[in-house]
Number of protein chains: 2
Amino acid sequence: MTTRWLTPEEQRAWRAYIGAAHLVEDALDRQLQQEAGMPHMYYSILSTLSEADERRLRMTDLAERLKITRSRLTYAVSRLEKDGLVGRETCRWDKRGSIAALTDEGMAVLESAAPGHVETVREVLFDRLSPAQVEQLEEIFSTVTEGFQGEEAHGTGDDVPWRRRSSKPCSSAAVPTDIPGESG
Amino acid sequence: MTTRWLTPEEQRAWRAYIGAAHLVEDALDRQLQQEAGMPHMYYSILSTLSEADERRLRMTDLAERLKITRSRLTYAVSRLEKDGLVGRETCRWDKRGSIAALTDEGMAVLESAAPGHVETVREVLFDRLSPAQVEQLEEIFSTVTEGFQGEEAHGTGDDVPWRRRSSKPCSSAAVPTDIPGESG
DNA sequence: TAGGTTTGTTTCAAACTTGAACCAAGCCCC
DNA sequence: GGGGCTTGGTTCAAGTTTGAAACAAACCTA
């Protein structure tokens with residue numbers, strides 16, 4: 001099959017996107033590194049945990065939500081754990097499982113970093129976009145994300161074995177009142 | 001000042017964007033790593049050079065176009081140089097300057113990798129977007145990029161000293177017929 | 001229920017990125 | 001024309017990411 005090159009419009013869009021994405025990422029990383037001593041991804045981990053049930057999530061779930069590899073997450077959580085912002089627990093119903101839990105200190109750090117972070121996100125992005133554009137942004141990237149979800153099922157013969165879909169909940173909140181096992 | 005948190009619409013847009021951006025980046029990196037043995041950024045370096053006058057560019061210019069730090073570029077070019085895909089030359093009119101030049105081998109590698117790369121870009125992005133959305137994408141991220149250009153001039157008191165704007169051309173094509181210096 | 005596969009996670013080495021520090025070469029200006 | 005500032009690039013150590021390999025627990029299934 002002969003290559004379908006990008007049209008001039010697509011080229012422009014692609015370059016604008018790639019360039020801006022770098023700028024945005026860098027700005028976020030720099031701001032958070034300065035004010036919270038961690039890169040953006042680490043902040044996202046804390047943030048995601050803070051919204052989860054009981055402020056804890058299985059590693060695989062967390063990786064799935066953040067769209068990162070499990071290996072990357074392991075490293076990041078280890079660092080956050082060393083800093084006392086996250087704790088690791090083992091899952092009682094699936095002993096393979098490991099659960100990341102936001103500590104009070106982690107919550108505090110998150111809360112103190114949040115305003116500065118949001119301010120940066122506004123500065124670099126939302127303050128420059130019209131409401132219509134915000135909607136377009138969501139629409140465009142939701143579509144892109146959806147594209148990836150189908151891919152794994154069939155795909156172009158290409159599998160993505162390392163990016164799995166969620167596992168069972170396993171947080172105590174998601175557990176029935178009568179807990180199995182844990183007998184004695 | 002009290003924090004202007006993100007509205008629900010903005011939140012959704014932000015999350016969609018961040019998540020999709022990770023997926024896209026990973027997909028591109030993976031594809032290029034497989035088929036060309038280099039991450040996306042390195043491909044972009046080759047690609048940018050290939051379009052430049054004489055297929056060569058000063059380091060600072062290259063960094064500016066790619067929106068990356070000079071330090072990151074130095075490392076990347078060193079690797080590409082080791083692979084024989086790029087050569088380094090010194091600038092005759094500014095002896096501080098260093099010029100990265102795409103070699104024939106680099107051009108060949110680029111050309112052989114291009115179809116697969118474009119195909120991936122289509123798969124993950126453009127094949128899922130309407131022409132209107134492509135336009136919106138460009139508009140949105142051009143705006144974002146512009147935002148950064150103003151920033152350095154005044155900004156919120158925050159300087160970005162390491163991300164400079166272009167230097168003088170310095171490629172032989174940009175040189176007047178009568179070359180100064182180089183007296184012999 | 002032993003053996004084989006799958007799933008959840010970590011580990012490891014190699015590659016990459018970051019930011020600060022450094023070195024030269026240009027530039028200014030008295 | 002000798003300081004002092006700026007600019008172009010590199011270097012270095014510390015931190016992060018990657019992908020493959022290792023492990024262990026869970027899940028078949030004969």
Side-chain angles (χ1 to χ4, degrees), chain A residues 22 25-34 37-42 45 57-64 66-83 88-100 159-170 181, chain B residues 22 25-34 37-42 45 57-64 66-83 88-100 159-170 181:
Chain A
H22 281 308
E25 272 246 348
D26 283 1
L28 293 174
D29 275 340
R30 200 141 21 83
Q31 186 270 323
L32 282 168
Q33 194 66 58
Q34 297 259 316
M38 67 182 77
H40 182 214
M41 175 53 62
Y42 291 52
I45 291 171
L57 233 29
R58 289 190 66 158
M59 295 296 279
T60 296
D61 276 346
L62 195 44
E64 163 66 17
L66 296 167
K67 314 295 186 201
I68 61 175
T69 59
R70 305 224 240 4
S71 144
R72 186 179 181 179
L73 181 61
T74 294
Y75 179 89
V77 167
S78 301
R79 200 265 233 190
L80 292 171
E81 193 178 20
K82 213 170 302 173
D83 294 348
R88 262 191 175 91
E89 302 168 0
T90 50
C91 176
R92 275 177 299 187
W93 306 283
D94 182 348
K95 279 177 193 149
R96 294 168 302 180
S98 160
I99 297 178
D159 248 21
V160 189
W162 49 268
R163 199 186 292 294
R164 302 256 164 54
R165 212 106 65 280
S166 59
S167 49
K168 273 145 256 165
C170 197
Chain B
H22 281 308
E25 273 245 349
D26 283 2
L28 293 174
D29 274 341
R30 202 144 18 86
Q31 186 269 324
L32 281 168
Q33 195 66 58
Q34 297 259 315
M38 68 182 76
H40 183 213
M41 175 54 63
Y42 291 53
I45 291 173
L57 234 29
R58 289 189 66 157
M59 295 298 278
T60 296
D61 275 347
L62 195 44
E64 163 66 16
L66 295 169
K67 315 293 184 201
I68 61 174
T69 60
R70 307 227 238 21
S71 144
R72 185 177 181 182
L73 181 61
T74 293
Y75 179 88
V77 167
S78 301
R79 199 264 232 191
L80 292 171
E81 193 178 21
K82 214 170 302 175
D83 293 350
R88 262 190 175 93
E89 304 167 0
T90 50
C91 176
R92 274 177 300 185
W93 305 284
D94 183 347
K95 278 175 194 152
R96 293 169 302 181
S98 158
I99 297 178
D159 246 25
V160 188
W162 48 269
R163 199 187 290 293
R164 301 258 162 57
R165 213 105 69 278
S166 60
S167 50
K168 274 145 256 164
C170 197

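In the text below, chain A, chain B and the rest are named by the order of the sequence lines, each starting its count at 1. Heavy atoms only: backbone and side chains are in, while hydrogens, waters and symmetry mates are out. From a predicted model like this one, the values you see are computed outputs, not experimental measurements.
Rounded to an integer number of Å, the gap from CG of A:D83 to P of D:dG15 is 11 Å. In this structure, A:R70 places its CZ atom 14 Å from C1' of D:dA22, rounding to the nearest Å. Put simply, CD on B:Q34 is 14 Å from P on D:dT18, counting in whole angstrom units. Atom CD in A:Q33 sits roughly 11 Å away from atom P in C:dT18 (whole-Å rounding). For A:L28 and C:dT18, the CG to P distance is 13 Å, given to the nearest whole Å. Residue B:D94 contributes atom CG, which lies 7 Å from atom C1' of C:dG26 at whole-angstrom precision.
Distances shown here put a side-chain N or O of B:R79 below 4.0 Å from the OP1 or OP2 atom of C:dC16.
Toward the 5' end of DNA chain C, the nearer of the two residues A:D29 and A:S78, judged by each one's closest nucleotide, is A:S78. Map A:M38 and A:K95 each onto its nearest nucleotide of DNA chain D; the residue landing nearer the 5' end is A:M38. The nearest heavy atom of DNA chain D to A:S71 and to B:L73 marks one nucleotide each, and the one closer to the 5' end goes with B:L73.
Of the candidate nucleotides C:dC16, D:dG9, C:dG8, C:dC16 has the atom lying nearest to any side-chain atom of B:P39.
At the heavy-atom level, B:S98 lies under 4.0 Å from the strands shown only through sugar-phosphate atoms.
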